[in-house]
> 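Right, I'll just put the structure down here and ask away after.
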Amino acid sequence: MVSIRTVNVNDKKLKNNPLSDGQGTKRPVFPKRAVVTAGMPYGNKALHFGHIGGVFIHADTFARFLRDRIGKENVIFVSGTDCYGSPIVENYKRIIEDGSFSGSLEDFVKLNHDLQKESLKAYMIDINLFAASAFGRAAEIHRDLTFDIINKLYENGHLVKLTSSQFYDPEMDVLLNGRQVVGQCPIDGCSSDKGYADECSLGHQYMPEDLINPRSTLSGKKPEMRDVDNWYFKLEDFHDLLTQWVDGLKDNPDTRRFMIKSIEEFLEPPIIYVMKDYLDIIDSLKDRLPDYEFKDDGKKKSSVQLVFKSLKDREEACRILADHEVRYRTGKTLVPFRLTGNIEWGVPAPELEGLKDLTVWVWPESLWAPISFTKTYLEEGYQGQDKDWTKWWCSKEAGVFQFIGQDNIYFYGPAEMAMFMGTQGGQPTADPDEGDLQLPQIIANNHVLFLDKKASSSGKVKPPMADELLSYYTPEQLRAHFLGLGLGIRSVSFKPKPLDPTAPEKGGDPALKEGNLLTNVFNRAIRSCFYTVQKYNDGIIPVREISKDILDNAKETILEYERLMYKYEFHQVMNLMDTYIRSINKHYSNNIRVIEASDDAEARAQLLADTFHMVRVGAVLMHPIAPLGTQKILDYLGLDESFWSWDRIFDTVYDFMDDPHSHKLKFLEPRVDFFEKHPSQLNF
């Protein structure tokens with residue numbers, strides 16, 4: 001996280017600086033340039049509610065805020081379809097077999113990419129480039145970058161060629177890819193309901209031979225093991241550097257604690273958990289097993305721990321225990337991170353040491369795909385001055401903000417950070433020099449559940465698709481609701497009343513809680529201002545000095561909002577805006593009654609001046625969250641886009657007018673909504 005400094009407001013050069021509030025208040029310092037990324041959805045399906053509500057809305061809100069905060073030209077928001085990998089191939093084969101699709105694999109992925117793109121547009125995800133790793137210029141750049149990174153890791157001595165066992169189906173006479181084998185995850189304590197060849201559905205990594213009760217999805221039989229050669233990244237060699245990186249995260253109070261805990265689990269030494277029923281056998285094998293430390297911490301009543309000094313020692317111990325039919329499970333630790341495989345549908349891997357015709361495993365190449373997409377956008381769409389991609393990814397003046405789901409912490413955490421450090425050459429460091437790939441900031445969200453259960457396309461509880469929700473809610477209602485769930489703290493259930501068979505007929509819809517703030521409360525406040533100024537002032541806001549208490553409260557809200565955005569505490573942002581927007585209504589309604597009773601024109605003029613300032617502040621702060629409705633406010637105010645800039649965040653509405661005394665607002669017809677309800681919610 002970037003540092004916080006105090007602005008010296010006595011310096012004349014800083015009097016109008018957007019960092020200055022005029023009183024030397026400590027405020028966050030944001031990077032000069034920022035890249036925002038959202039996790040890449042697989043190209044085997046359209047987007048479901050978890051993609052949108054768990055990642056994309058949060059990333060989009062932050063990107064929109066940064067555009068207002070540091071300037072549009074200084075923010076790039078990229079993501080794209082993860083086109084490669086065995087899950088896509090398996091889905092494609094299935095729909096070809098059942099006759100529901102007749103095109104090529106490329107056609108299948110392109111169809112899903114287009115569907116994903118349309119869903120993002122429907123939710124007003126203002127992404128600079130939503131690319132595809134297999135199509136267009138982005139694919140060409142991605143292939144070149146993949147070659148560059150793998151070659152650099154090889155030259156720096158961070159790759160190793162390993163002969164590992166791969167599952168083989170003798171009945172079908174074929175080597176099986178990752179998703180063509182299912183079994184039980186061998187990692188101790190894992191709650192995944194499905195383990196694949198070398199990773200489970202929760203992202204735990206293990207060696208293929210450790211998978212419990214493997215079964216081929218092609219024949220249903222137990223597969224054999226065949227030796228294959230592949231390139232692996234020496235992830236375990238980066239243990240100390242990753243520990244330093246995590247220590248830095250710990251020192252930052254804004255880092256999400258659950259994310260740190262998840263990462264630290266992979267920094268544990270190599271451990272084998274053995275059932276206590278086998279202690280006599282373990283004792284008899286003591287001289288044959290590599291050196292280990294025996295631990296019985298009492299936390300697990302049925303098992304003990306054998307802690308080894310190296311991964312190699314643990315693997316040898318696993319082999320010995322298996323030979324003696326000892327039941328065991330392995331703990332999380334850093335293992336070699338596979339880079340290549342032999343699946344045909346993938347990014348080609350460079351030929352190294354005669355090992356050729358391999359493709360890159362989907363996970364590593366997806367980690368640097370946002371760099372490829374950034375380079376593509378800078379080449380094809382960016383209109384600013386900084387077209388050198390290194391100024392965005394390799395500069396200490398820039399920041400990269402990666403929004404992900406909790407299942408992907410291992411990949412974006414230890415794996416990505418270590419590989420980025422591995423590109424440095426010489427002696428890698430957890431604090432990269434200027435010109436080296438900088439370490440992104442990870443913003444991980446917990447699961448957004450559906451009706452109190454974890455939903456998964458491959459599980460029993462199917463998630464509603466993103467587009468389906470738009471049959472019941474507006475995009476802005478859903479944006480506000482998902483931001484308000486507090487996914488940075490814990491997993492939270494999404495309970496849309498129209499899709500909840502247990503919901504009582506009477507009573508509110510939980511999914512409309514935050515949206516009602518817009519469609520009911522904020523709408524009422526804005527309309528009151530416009531109708532009153534139209535009735536008494538011919539649509540011209542009376543020019544008055546804004547009352548000190550109104551200015552002070554607005555400034556306090558602005559600074560708190562900025563602090564919360566800086567910490568990615570979106571649910572607290574929504575709480576703050578709830579308080580502030582309700583205060584607009586309260587201020588207006590409490591005063592207008594007295595004013596109307598006395599017909600005090602001067603008091604009415606002051607009330608309009610004060611309330612329009614509050615509406616201005618509310619609109620600017622809600623702009624990243626509800627862009628359509630706030631843009632409508634701007635249109636009716638008749639002002640330009642500089643209204644959103646945080647360079648002028650403490651300005652009043654008059655400061656944006658050429659002549660406040662003659663600036664006439666656009667006429668607001670009766671019953672016009674700035675924030676609309678979904679048609680299904682209207683009482684006709």
Side-chain angles (χ1 to χ4, degrees), residues 1 34-42 50-51 54-56 58-59 62-63 76-82 84-85 133 142 145-146 149 153 199-205 233 235-236 238-239 241-246 248-250 252 254-267 332-339 360-374 392-394 398-423 428 430 432 437-448 487-488 568:
M1 182 71 70
V35 175
V36 179
T37 78
M40 294 172 59
Y42 270 136
H51 294 123
V55 176
F56 273 101
H58 295 76
F62 190 69
I76 296 176
F77 178 20
V78 294
S79 183
T81 303
D82 199 353
Y84 296 111
S133 55
H142 189 50
L145 180 66
T146 297
I149 289 181
L153 292 174
E199 65 163 332
C200 74
S201 60
L202 295 181
H204 297 147
Q205 298 279 292
F233 173 68
L235 181 58
E236 67 277 20
F238 285 78
H239 181 278
L241 285 176
L242 288 171
T243 300
Q244 292 177 28
W245 170 64
V246 171
L249 297 181
K250 288 180 179 178
N252 188 335
D254 301 335
T255 306
R256 293 176 174 174
R257 300 295 110 176
F258 83 90
M259 186 183 78
I260 293 176
K261 181 180 178 181
S262 179
I263 294 170
E264 282 190 308
E265 290 176 350
F266 292 100
L267 300 181
K332 297 178 185 177
T333 192
L334 297 178
V335 300
F337 187 62
R338 181 162 64 89
L339 292 184
V360 182
W361 185 40
V362 62
W363 259 113
E365 52 96 354
S366 71
L367 296 176
W368 56 71
I371 303 177
S372 304
F373 299 160
T374 303
W392 299 84
W393 284 86
C394 305
V400 176
F401 304 88
Q402 295 187 318
F403 287 78
I404 65 170
Q406 72 176 91
D407 286 351
N408 298 333
I409 289 175
Y410 169 79
F411 298 105
Y412 285 92
E416 178 180 84
M417 299 303 162
M419 285 195 297
F420 280 17
M421 286 188 274
T423 64
L437 277 176
Q438 301 299 301
L439 304 187
Q441 298 179 39
I442 307 173
I443 304 97
N445 276 343
N446 285 283
H447 294 300
V448 52
L487 296 176
Y568 327 115

> How close do Gly39 and Pro41 get, counting heavy atoms only, and between which atoms?
O-CD, 3.3 Å
> Going by the rule side-chain contact (heavy atoms from CB on, under 4.5 Å), which residues pair with Gln438 if we only count those two or more places apart in sequence or in a different chain?
Lys396, Pro432
> Which pair of non-hydrogen atoms, one from Ala430 and one from Leu439, has the smallest distance, and what is that distance?
O-CD1, 3.4 Å
> Mind checking what makes ring-ring contact (aromatic ring centres under 6.0 Å, His included) contact with Phe77, not counting sequence neighbours?
none
> In terms of the angle between their ring planes, are Phe266 and Tyr410 parallel, tilted or perpendicular, with boundaries placed at 30° and 60°?
tilted
> Indicate yes or no: at least one non-hydrogen side-chain atom of Asp82 is less than 4.5 angstrom from one of Trp363.
no
> Taking side-chain contact (heavy atoms from CB on, under 4.5 Å) as the definition, give me every residue that meets it alongside Ser372, ordered by chain and number, with sequence neighbours left out.
Ile141, His142, Leu145
> Can Met421 and Gln244 be said to form a side chain to side chain contact (heavy atoms under 4.5 Å, CB included), step by step?
CA-CA 12 Å; Met421 286 188 274; Gln244 292 177 28; over 6 Å; no
> By the definition side-chain contact (heavy atoms from CB on, under 4.5 Å), identify the one residue from Ile409, Ile443, Asn445 that meets it with Met259.
Ile409
> For Val448, give me all partners under side-chain contact (heavy atoms from CB on, under 4.5 Å), at least two apart in sequence or on another chain.
Phe49, Phe482, Leu485, Leu487, Phe494
> Can you list the residues that meet the side-chain contact (heavy atoms from CB on, under 4.5 Å) rule with Ala415, with sequence neighbours excluded?
Phe337, Leu367
> Using side chain to side chain donor-acceptor pair (under 3.5 Å) as the criterion, list what pairs up with Trp368, not counting sequence neighbours.
Thr146
> Work out which heavy atom in Leu153 is nearest to a heavy atom in Gly422; give both atom names and the distance.
CD2-C, 3.6 Å
> Would you say Met419 and Pro364 make side-chain contact, with heavy atoms under 4.5 Å?
yes
> Does Thr81 have any side chain to side chain donor-acceptor pair (under 3.5 Å) partners at least two apart in sequence or in another chain, and if so, which?
His113, Gln116
> If we ignore hydrogens and angles and just use 3.5 Å, is the side chain of Thr255 paired with the main-chain N or O of Leu249 as donor and acceptor?
yes
> Using the rule given for side chain to side chain contact (heavy atoms under 4.5 Å, CB included), can you reason through Ile371 versus Leu437, listing the C-alpha separation, both sets of side-chain angles and the distance that settles it, and then say yes or no?
CA-CA 10 Å; Ile371 303 177; Leu437 277 176; 3.9 Å; yes
> Checking side chain to side chain contact (heavy atoms under 4.5 Å, CB included) for the pair Leu242/His239: CA distance, chi angles, key distance, verdict?
CA-CA 5 Å; Leu242 288 171; His239 181 278; 5.9 Å; no
> If you compare all heavy atoms of Tyr42 against all heavy atoms of Tyr84, which two are closest, and at what distance to 0.1 Å?
CE2-O, 4.0 Å
> Testing the basics here: between Trp393 and Pro440, what is the closest heavy-atom pair and its distance to 0.1 Å?
CZ3-CG, 4.3 Å
> Only counting residues at least two apart or in another chain, list the ones meeting ring-ring contact (aromatic ring centres under 6.0 Å, His included) with Phe258.
none
> Could you list the residues that satisfy ring-ring contact (aromatic ring centres under 6.0 Å, His included) with Phe403, not counting sequence neighbours?
Phe62
> For Glu265, which residues count as a salt bridge (charged side-chain N to carboxylate O under 4.0 Å, His left out) partner, sequence neighbours excluded?
Lys332
> Locate the shortest heavy-atom distance separating Ser79 from Phe56; write the atom from each residue and the value.
OG-CZ, 3.7 Å
> Counting C-beta onward and ignoring hydrogens, is there a side-chain heavy-atom pair between Leu235 and Val335 closer than 4.5 Å?
no
> Is any side-chain heavy atom of Pro414 closer than 4.5 Å to one of Leu334?
yes
> Side chain of Arg256, backbone of Asp254: donor and acceptor closer than 3.5 Å?
no
> I want to check something: taking the side chain as every heavy atom from C-beta on, are His447 and Asp407 in contact at a cut-off of under 4.5 Å?
yes
> What distance do Thr243 atom OG1 and Leu267 atom CG have between them, rounded to the nearest 0.5 Å?
4.5 Å
> Applying side chain to side chain donor-acceptor pair (under 3.5 Å) as the test, list every pair that has at least one member in residues 411-423; sequence neighbours left out.
Gln402-Glu416
